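My questions all concern the structure below.
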Amino acid sequence: MHVQDSHWSSASTMAPGTALSAASPGHGRAGGPRTTPLRVDAQRNLEHVLRAAREVFGELGYGAPMEDVARRARVGVGTVYRRFPSKDVLVRRIAEEETSRLTDQARTALGQEDEPWSALSRFLRTSVASGAGRLLPPQVLRVGVVDEHDHARVPQQRAQPAGAELRLVPEKGSAGAGEDDSGTAQLLDVVGRLVERAREAGALRPDVSVSDVLLVIATAAPSLPDPAQQAAASARLLDILLEGLRSRPA
């Protein structure tokens, strides 16, 4: 995972001549609801672009250029910009989908596993296997030091000493940060419940936070050219990281 590339700038990267086409009748807001159905070929192109974007951003990080997405989708770059008038819009679409996927996986683990450690480890294994860690939203991977006034924002992490706790923080001034807050907050809430249950059961180290768990997902999802090697490496690395999360008898 290329965390250093995992951000989108507030400045939109516009393709020449795309402003008119994005605002023209029948196109609707890029990535948003449309008033008329997409034609079959347009729908197919959109699906190809989204699939290609997930692959490219998963391999190279969110810093990868739109031209790489277009080449992977086998469409012209103008086709990509007609649906997503800036790279920010495309990145947010992919990140929001991955946030929703992770939240669903966390809810499934929470609802179907009675044993707290089994629930947490199931969520981690499912998320890593799906490759979601390579596409975590940039603001989720940013960590900072919490002061004593910030505990109300992430109550699941209060077990750590004030001033030494890592928490997830949004990128200040990032474009569309407010729009992403709801989905991110839901993810943090559900993962927080998994963490709290495992901690209360004595299965999780008391200093492990929600941010640690999400960083494990990102770290244990390497991008390797051979699918079999990638799966084996992910499984091995996750086993090691899970052992690091477990509490040990004094």
Side-chain angles (χ1 to χ4, degrees), residues 1-19 21-23 27-34 37-105 127-142 170-171 174-177 179-184 187 214 217-218 220-225 227 230 234:
M1 170 111 187
H2 299 265
V3 176
Q4 69 272 22
D5 289 334
S6 300
H7 70 280
W8 55 77
S9 64
S10 58
S12 296
T13 308
M14 299 293 293
T18 57
S21 63
H27 282 279
R29 245 181 113 182
R34 296 171 56 91
L38 284 172
R39 294 176 312 181
V40 173
D41 58 339
Q43 178 63 38
R44 188 185 307 114
N45 283 340
L46 174 60
E47 292 170 358
H48 289 169
V49 168
L50 290 173
R51 185 181 305 112
R54 290 187 194 97
E55 293 175 358
V56 169
F57 293 147
E59 294 168 10
L60 304 176
Y62 282 125
M66 293 281 263
E67 287 78 9
D68 284 3
V69 174
R71 277 193 293 270
R72 185 71 62 93
R74 296 187 177 182
V75 298
V77 71
T79 299
V80 179
Y81 278 111
R82 274 193 295 275
R83 289 298 301 151
F84 302 96
S86 78
K87 183 179 167 184
D88 287 357
V89 175
L90 177 57
V91 167
R92 276 198 295 275
R93 169 73 175 264
I94 299 300
E96 286 167 4
E97 288 180 354
E98 294 309 309
T99 300
S100 178
R101 180 194 296 187
L102 278 174
T103 303
D104 289 343
Q105 290 169 349
S127 300
V128 169
S130 73
R134 293 189 295 274
L135 292 165
L136 280 169
Q139 70 269 24
V140 169
L141 290 178
R142 291 173 61 85
E171 183 176 355
S174 62
E179 300 171 10
D180 302 330
D181 283 350
S182 176
T184 301
L187 174 62
L214 294 177
I217 294 174
S223 180
L224 300 176
Q230 178 172 300
S234 292

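Since this is a predicted model, take the numbers as computed values, not measurements.
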Side chain to side chain contact (heavy atoms under 4.5 Å, CB included) assessment of L90 paired with F57: CA-CA 10 Å; L90 177 57; F57 293 147; 4.1 Å; yes
Residue pairs involving residues 41-51 (criterion salt bridge (charged side-chain N to carboxylate O under 4.0 Å, His left out); sequence neighbours excluded):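 Qualifying pairs: R39-D41.
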R101: salt bridge (charged side-chain N to carboxylate O under 4.0 Å, His left out) partners, not counting sequence neighbours: E98
Closest non-hydrogen atom pair, Y81 against M66: OH-CG, 3.6 Å
Side chain T99, main chain A95, donor-acceptor under 3.5 Å: yes
Residue pair L50, F84: steps toward the side chain to side chain contact (heavy atoms under 4.5 Å, CB included) verdict: CA-CA 10 Å; L50 290 173; F84 302 96; 3.7 Å; yes
E97: partners by salt bridge (charged side-chain N to carboxylate O under 4.0 Å, His left out), with sequence neighbours left out: R54, R93
Approximate separation, where rounding is to 0.5 Å, of L187 CG and L102 CG: 5.5 Å
Atom pair OG (S100) and CD (Q105), whose distance is rounded to the nearest 0.5 Å: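 Going from the OG atom of S100 to the CD atom of Q105 covers 10.0 Å.
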Any donor-acceptor N/O pair, S127 side chain to I217 backbone, under 3.5 Å: no
Test: K87 and E67 ion pair at under 4.0 Å: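 No, no charged N to carboxylate O under 4.0 Å.
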Which atom of A220 lies closest to which atom of V128, heavy atoms considered: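 That closest heavy-atom pairing would be O-CG1, 3.0 Å.
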Gap separating the CD atom of E55 from the CD1 atom of I94, nearest 0.5 angstrom: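 Reported value, rounded in 0.5 Å steps: 10.5 Å.
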OH-CG distance between Y62 and L135, expressed to the nearest 0.5 angstrom: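 One finds 4.5 Å between OH of Y62 and CG of L135.
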L136 to L214 - nearest heavy-atom pair and separation: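 Minimum heavy-atom contact is CD1-O, 3.6 Å.
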Side-chain (S234) to main-chain (Q230) donor-acceptor, under 3.5 angstrom: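 Between the backbone of Q230 and the side chain of S234 there is a qualifying donor-acceptor contact (under 3.5 Å).
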Separation between CZ of R134 and CD of E59, rounded to the nearest 0.5 Å: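 Nearest 0.5 Å value for the CZ-CD distance: 8.0 Å.
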